[in-house]
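Throughout, a chain's letter reflects where its sequence line sits, starting with A, and its residues are numbered from 1.
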Amino acid sequence: MKKEKGQFFKDVYEVVKLVPYGRVTSYGAIARYLGASGSARMVGWALNGAGKYPSVPAHRVVNSKGILSGRAHFGSSDEMKNQLEAEGVKVKGDKITNFAECFWDPGTELL
DNA sequence: CTTTTGACGGGGG
DNA sequence: TCCCCCGCCAAAA
């Protein structure tokens, strides 16, 4: 059992993979769940490496405003939006219109 | 080793 | 309501 230096990254991936189909979560919610509340940036930075992990539905992670802030990191600008809409998430431009309906907080609902 | 970055969040103007 | 600034902390250069 060895401690890997990217432990934070790993934790983020695990939580993101727990996001149910048709649901989304925010960077801050994940950060808070990991005990890194306030360090939401770390979650975003961690997801920067999530592209190497196809099991990590990074497209289900948006900022607190329900905006697809990370869409630019996907293959295409519409990739993230496309996948969210495919799961029943209503996306208008770069924002989730039914954000409150599909929002999933790991520290609240997963608990 | 130091410095910059980075897909955020919240507060203030 | 929109725009700007600060704080958070780990990873990469």
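The distance from atom CG of A/Leu47 to atom C1' of B/dT5 is 16 Å, rounded to the nearest whole Å. Residue A/Trp45 contributes atom CH2, which lies 14 Å from atom P of C/dA10 at whole-angstrom precision. Residue A/Tyr27 contributes atom OH, which lies 14 Å from atom P of B/dG10 at whole-angstrom precision. With rounding to whole Å, A/Ile67 atom CD1 is found 13 Å from C/dT1 atom C1'. To the nearest angstrom, P of C/dC8 lies 21 Å from CD1 of A/Ile30. If you measure from atom CZ of A/Phe8 to atom P of C/dA12, you get 14 Å, rounded to the nearest angstrom. Per the geometry, NZ belonging to A/Lys65 stands 15 Å off P belonging to B/dA7, to the nearest Å. Going from atom NE2 of A/His73 over to atom C1' of B/dT5 covers 11 Å, rounded to whole Å.
Here A/Gly6 lies in heavy-atom contact (under 4.0 Å) with sugar-phosphate atoms only. Across all strands, A/Ala58 comes closer than 4.0 Å to base atoms (heavy-atom distances). Heavy atoms of A/Asn63 sit under 4.0 angstrom from primed sugar atoms or phosphate atoms, though from no base atom.
Here A/Ile96 contributes atom CD1 and A/Asn63 contributes atom CG; the two are 9.0 Å apart, rounded to the nearest 0.5 Å.
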### Message
For a side chain to side chain donor-acceptor pair (under 3.5 Å) check, start with the C-alpha distance between A/Gln83 and A/Glu87, then their side-chain angles and the critical distance, and finish with the verdict.
### Response
CA-CA 6 Å; A/Gln83 293 195 64; A/Glu87 298 186 3; over 6 Å; no
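Hydrophobic clustering (ILVMFWY, side-chain heavy atoms < 4.5 Å, transitive): A/Val89 and A/Phe99 are in one cluster. A continuous path of ILVMFWY side-chain contacts below 4.5 Å connects A/Phe74 to A/Leu68, so both sit in one hydrophobic cluster.
The local environment of NZ in A/Lys17 is crowded, with over 12 non-hydrogen atoms from other residues, nucleotides or ligands closer than 6.0 Å.
Between A/Ala40 and A/Phe9, the residue whose closest nucleotide on DNA chain C is further toward the 5' end is A/Ala40.
Taking side-chain N and O atoms only, A/Ser37 has no distance below 4.0 Å to OP1 or OP2 of B/dG9. Taking side-chain N and O atoms only, A/Ser64 has no distance below 4.0 Å to OP1 or OP2 of B/dC8.
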